[in-house]
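Computed from a predicted structure; not experimentally measured. Chain A is the first sequence line, chain B the second, and so forth, proteins listed ahead of strands; every chain is numbered from 1. Computation of the quantities below employed the complete heavy-atom set of this structure, encompassing side-chain atoms and omitting hydrogens, waters and symmetry-equivalent molecules.
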Protein chains: 2
Amino acid sequence: MTQGVVSKGRSRCASGVATACDDSGMEPSPSRVNVGGRPAQTSAHQLAEIAQELFLAHGFERTSVADITAAAGVSRRTFFRYFASKADVLWVETPAEQERLRALLAEAPPGESCAEVLYRVVPEALRHPADQRRWALHRAELVLTVPAVQAQAVRRYADWRAVVATFAAERLGVPIGDLVPVAVGHAVLAATVASHEYWVAHPDEDLEPILERLLRLLLPRPLKPQ
Amino acid sequence: MTQGVVSKGRSRCASGVATACDDSGMEPSPSRVNVGGRPAQTSAHQLAEIAQELFLAHGFERTSVADITAAAGVSRRTFFRYFASKADVLWVETPAEQERLRALLAEAPPGESCAEVLYRVVPEALRHPADQRRWALHRAELVLTVPAVQAQAVRRYADWRAVVATFAAERLGVPIGDLVPVAVGHAVLAATVASHEYWVAHPDEDLEPILERLLRLLLPRPLKPQ
DNA sequence: GGAGGTTATGACACAGGGTGTCGTAAGTAA
DNA sequence: TTACTTACGACACCCTGTGTCATAACCTCC
């Protein structure tokens, strides 16, 4: 399996993109509601931003967690209270993306076929603002090349596939355990990964058209609604 | 942990599977031709076997490299001269499998369609003797669940895909960079991964039929020869 | 203004993976 | 024997990730 599902990037919260911006998804960071108790000196997003800058400047593997925490002015131990691993920094907003995919799938018109919905919605869910393109590309490259990142990616892939498979099972009216929706999930993932590979190799082109083309190539054809 | 020496059961080379069985592919082990110089005290296969026993007995993550080398009677440093990482132990014979796939694809009759060849050959390339089933299953489980193993797996996946894509490009008469053979490679890989997932979840069933079914589901349909 | 509870943090210690270096053991060929 | 070659062990590191404990800094209630 391989790489890339996602894209997205840097700071939503700090850079003006108005989204939810909660730290959901990072297991080690316990939601930080903060009623009473010492206030946090930093946040997952702030750490992630600093880390991303360093990764871009010096590379993922040549940037140690100590480098990140020194730049952020916190202790190394604190980093691991926000992120389970160094690579987790790259996935701060994956939960939001996944939620977006789930929402887009949920609101698809009932008349649209399963495949058509996916051709349209998957690229849309992975769309990112222009100012995040650079980072999205770099992250895709990391996901495709750095082993430590790939290991994390596999878990996100599984979640991604599960969202798609659940949707496919519902729309096709078959049980979730059935092989067909499972295959649909894998096909969508494969298209996503392949398109990111192509994108990294051809950074001047846009991701979305490639992704849609690959989805049309890879999505199992005999997917009749019902 | 660290019990003594682990009787060698089940070898691969020793157990009658006629494959190449050379240590090719392990970058750190420089082919060991051994003309002159101190003779090696161990081999990649011996280390791999001992490691596999320990993994089966105590789990991958609860088995440290020190445990393995203690059982093998060599130093920890020596282990890393044979394998680039602990997880690499699991892939000793992947090059042979890959070569088998390549060979099977090469000798497919010219009349058979690209898809039909793959439906037939991919399961055959992954077939393993009955006495290796337990270990193959365990390895599949590790590949699907342990992050450190997944990271390694991604690289093998890429090789696997490349073999398939190269074959598809040739048989379809399109350039290797074309998106169609790339998609075929991804589809075959997705089917392989999905079938292993299913196999791990249903260990009593056989891998091959599941794999073939998934290949038929996932392989891009409009694959006309030429 | 405490007192007590709550939360985030830092300091420290430690296991484990992985790497570089150096000296040396144990072979082969001359 | 000498010279060359290769494999190995012993250290010394750096890095990731985790557990533990003391303490800082906030809250609310008295």
Side-chain angles (χ1 to χ4, degrees), chain A residues 23 26-47 50-51 54-55 58-90 142 146-152 155, chain B residues 1-2 23 26-47 51 54-55 58-91 142 146-152 155:
Chain A
D23 301 38
M26 298 294 98
E27 319 96 11
S29 98
S31 73
R32 315 258 156 172
V33 273
N34 215 4
V35 330
R38 177 176 176 169
Q41 274 192 357
T42 182
S43 71
H45 276 87
Q46 188 186 335
L47 283 177
I50 293 176
L54 292 174
F55 293 162
H58 310 114
F60 180 86
E61 290 181 303
R62 280 200 306 270
T63 303
S64 72
V65 174
D67 293 332
I68 300 168
T69 57
V74 297
S75 78
R76 213 175 62 92
R77 191 65 184 86
T78 290
F79 178 93
F80 287 108
R81 290 197 180 98
Y82 283 91
F83 298 100
S85 76
K86 182 172 119 179
D88 270 317
V89 159
L90 303 176
L142 293 181
V146 180
V149 180
Q150 291 168 331
Q152 303 296 324
R155 308 200 98 185
Chain B
M1 199 146 294
T2 319
D23 300 40
M26 300 292 98
E27 318 97 10
S29 99
S31 70
R32 317 257 157 174
V33 272
N34 217 3
V35 328
R38 176 176 176 170
Q41 276 192 358
T42 181
S43 70
H45 275 86
Q46 188 186 336
L47 283 176
L54 292 174
F55 293 162
H58 310 112
F60 179 86
E61 292 180 301
R62 279 199 305 269
T63 304
S64 73
V65 173
D67 293 331
I68 300 168
T69 57
V74 298
S75 77
R76 211 174 67 94
R77 190 66 184 88
T78 290
F79 178 91
F80 288 107
R81 289 198 180 97
Y82 283 91
F83 297 101
S85 74
K86 182 172 120 180
D88 270 316
V89 159
L90 303 176
W91 311 93
L142 292 181
V146 180
V149 180
Q150 291 169 330
Q152 305 295 324
R155 308 201 98 185

Side chain of [X] only, heavy atoms from C-beta on: which candidate in [options] is closest?
{"X": "B/R77", "options": "C/dT9, C/dT19, D/dT16", "result": "C/dT19"}
{"X": "B/F80", "options": "D/dT16, C/dT21, C/dG17", "result": "C/dG17"}
{"X": "A/R81", "options": "C/dC22, D/dC21, C/dA26", "result": "D/dC21"}
{"X": "B/A40", "options": "C/dT9, D/dC8, C/dG17", "result": "D/dC8"}
{"X": "B/S64", "options": "D/dG9, D/dG17, C/dG17", "result": "C/dG17"}
{"X": "A/K86", "options": "D/dG9, C/dT9, D/dT16", "result": "D/dT16"}

For this session: Let me know which of A/D88, A/V74, A/V89, A/T42 forms a side-chain contact (heavy atoms from CB on, under 4.5 Å) with A/F79.
Result: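 Going through A/D88, A/V74, A/V89, A/T42 one by one, the side-chain contact (heavy atoms from CB on, under 4.5 Å) with A/F79 is satisfied by A/V89 alone.
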N/O (side chain, [X]) to phosphate O (OP1/OP2, [N]) under 4.0 Å:
{"X": "A/Y82", "N": "C/dA8", "answer": "no"}
{"X": "A/T78", "N": "C/dG10", "answer": "yes"}
{"X": "A/Q41", "N": "C/dG10", "answer": "yes"}

Value in whole Å for how far the [atom2] atom of [N] lies from [atom1] of [X]:
{"X": "B/F79", "N": "D/dA10", "atom1": "CZ", "atom2": "P", "answer": "18 Å"}
{"X": "A/F60", "N": "D/dT16", "atom1": "CZ", "atom2": "P", "answer": "8 Å"}
{"X": "B/E61", "N": "D/dT18", "atom1": "CD", "atom2": "P", "answer": "10 Å"}
{"X": "B/R38", "N": "D/dA3", "atom1": "CZ", "atom2": "C1'", "answer": "19 Å"}
{"X": "A/F83", "N": "C/dT9", "atom1": "CZ", "atom2": "P", "answer": "12 Å"}
{"X": "B/Q152", "N": "C/dG17", "atom1": "CD", "atom2": "P", "answer": "13 Å"}

Measuring only between side-chain heavy atoms, which start at C-beta, is [X] closer than 4.5 Å to [Y]?
{"X": "B/T63", "Y": "B/I68", "result": "yes"}
{"X": "B/W91", "Y": "B/V149", "result": "yes"}
{"X": "A/V65", "Y": "A/F83", "result": "no"}

Exercise. What about B/R76, does its side chain sit under 3.5 Å from the base of C/dG18 through a donor-acceptor pair?
Worked result: yes
Problem set entry | Shortest non-hydrogen contact from A/F60 toward A/A148 | CE2-CB, 4.3 Å
